[in-house]
Amino acid sequence: MNNKPQNVKGMRDHLPAAMIVRQHIIETMRRVFERYGFEPLQTSIVEHSETLDGKIGDDEKLIYRFETEGGRWLALRYDQTVPLARVVAQYQGQLIFPWRRYAIGPSYRGERPARGRYRELWQADVDIVGSRSPVADAEIIALLTDVLSELGFTGFTTLINHRQIIGGIARVAGLDDASAGGVYRAIDKYDKIGADGVREELLRGGVAAEAAERILALVTLKGPPEAVLGELSERLMGDDRAQAALVNLREIIGSVQAMGVDPARYTIAPQLARGLSYYTGAVFEAVVETPPMGSLLGGGRYDELIGLFAGRSIPTVGLAFGIERLHDIITELGIGPAQRAIADLFMTLFNPDLADASLGLANELRAAGLRVEIALDAREKLAKQFQYADRRAIPFAAVLGPDELEQGYVVLKDLRSGEQQRLPRAALADTVRATLA
RNA sequence: GUGCCUGUAGCUCAAUGGCAGAGCGCCUGACUGUGGCUCAGGAGGUUGUGGGUUCGAAACCCAUCAGGCACCCCA
């Protein structure tokens, strides 16, 4: 073990410049979540190992598990959906359904780290627990559209599909549910490897040539939701489950439209095949074309998962935003918060004799709601103090010198534009606030 | 979990077996009531870490840690 400090693989440290972006993301989400009436929930990152067993399919090997001194097996949560199911089962009597809850925090996955992919990953989960209504599905879609829009994304698309359409596609190709996994994985790669690539992969997986063509014809459908749903309805004729799924999607889309969601931001995407095994109904995820970093969020309806814990069916729809990817993409696109510093204003100290006057002014400005950082060394040249404030990217600096004190004003300098003005001290806070807004 | 690439100053990179460098950044001054621009000077390195080969290693070999790419899978 060398003595050089180093972070753990796949785990990131976020210095203040990065944290300001992350807090901006989280605050934007909370604002939208609460606007839709969702309530906060926090649970431990540690769960009993068996709580996580058998819920997420093959990825179970990615769960971090450890044994306590007492021989008990615990695990770090892999996502916040299974813990939600546990909470709903455990506190059924205290919850009022339908229950809208959100949870923002870290989960842990023992994956190979890569771009946009980490072992400690923050997610923002939103779920509506205890409703089968397609309005609930629609509300989740409206909410995610608001979040991404308010984060400054303009070129994202939410892909919407349904578990029973995916299943129907496999069934019309003559495959049973058990052997369809490879088909799902193949068609989910459609955007990446194209029609020829999917065909190749299907044939290699033992799908008959004719069946492969039928699958391809279905998953390559594009267009307005009504057109795609109509086309799917014809091609999946005779498959009751798929037809019911199409009715459900029509209802969801109808509500989404009524909620005023921009039609350019979502599409019916038959090729979307989400990996988690617990989805039972609509599934969705949002992607941006640039930079290419997979999906920003994923979700869907899972009507049976909570029942595994609760002993009775509690239908639920929800999604998880991937905060790591959102953070990386927002940084790459430069669409983060405009203000890069926490402080709004830097209070200079003119000289040791006048320092106390500046401390008093700083106190006034803080009381008025400004975030104020003060210089600490009154002997330091004003030039150094300004340079420090500028490098910290603090938007404003204030000077309270002998002239100002004598004549009863304060100099306020906008460090971004270089302009400065003399103001009565009572007007300072409002001027800063008005300029920053 | 598999295969491959990368790691040199705070940052971006150069040096292909022979004295470890540049640009930007940083510090000081020109500038005793004001940052960015300019000029002059200065500091900063056990070349990720550990071992090996060699007269000699940043370079070659092994291991390890971290990052990235393609699979796998997913946020």
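Here is the naming used below: chain letters follow the sequence lines, and residue numbers restart at 1 for every chain. All figures in this text were calculated on a predicted structure; none of them were measured in a lab.
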Round to a whole Å and report the spacing from [atom1] of [X] to [atom2] of [N].
X        : N     : atom1 : atom2 : result
A/Tyr278 : B/A75 : OH    : C1'   : 11 Å
A/Phe321 : B/C74 : CZ    : C1'   : 17 Å
A/Phe386 : B/U32 : CZ    : C1'   : 15 Å

Has the side chain of A/Glu111 got a donor or acceptor that lies under 3.5 Å from a partner of the other kind on the base of B/A75?
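Answer is yes: a donor-acceptor pair is held.
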Can you figure out which of [options] approaches the side chain of [X] most closely?
X        : options             : answer
A/Lys192 : B/G35, B/C72, B/C71 : B/C71
A/Val399 : B/G68, B/U34, B/C73 : B/U34
A/Arg115 : B/G33, B/C71, B/G68 : B/G68
A/Asp403 : B/G33, B/A75, B/C72 : B/G33

Would you say a side-chain N or O of A/Lys189 is under 4.0 Å from OP1 or OP2 of B/C72?
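Answer yes for this pair, as a side-chain N or O of A/Lys189 is under 4.0 Å from OP1 or OP2.
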Rounding to an integer number of angstrom, what distance separates B/A14 and B/C4 when you compare their P atoms?
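B/A14 and B/C4 have their P atoms separated by 23 Å.
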Between B/G17 and B/A58, how far apart are the two P atoms, rounded to whole Å?
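It comes out at 13 Å once rounded to the nearest Å.
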A/Gln420 near the nucleic acid: base, sugar-phosphate alone, or nothing, with a heavy-atom cut-off under 4.0 Å?
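Result for A/Gln420 = base.
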Kindly write out the residues that satisfy side-chain contact (heavy atoms from CB on, under 4.5 Å) with A/Glu39, not counting sequence neighbours, or none if the list is empty.
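A/Glu39 satisfies side-chain contact (heavy atoms from CB on, under 4.5 Å) with A/Trp99 once adjacent residues are dropped.
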Flag yes if more than 12 heavy atoms outside A/Gln42 fall under 6.0 Å of its CD atom; otherwise flag no.
no
A cation-pi test, strictly: NZ or CZ of A/Arg119 under 6.0 Å from the centre of the six-membered ring of A/Tyr108 and no more than 45 degrees from its axis. Yes or no?
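Because its charged atom misses either the 6.0 Å distance or the 45° angle limit, A/Arg119 does not stack over A/Tyr108.
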Ring-plane angle category for A/Phe38 and A/Phe33, please: parallel below 30°, perpendicular beyond 60°, tilted otherwise.
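Because their plane-to-plane angle lies in the 30° to 60° range, the rings of A/Phe38 and A/Phe33 count as tilted.
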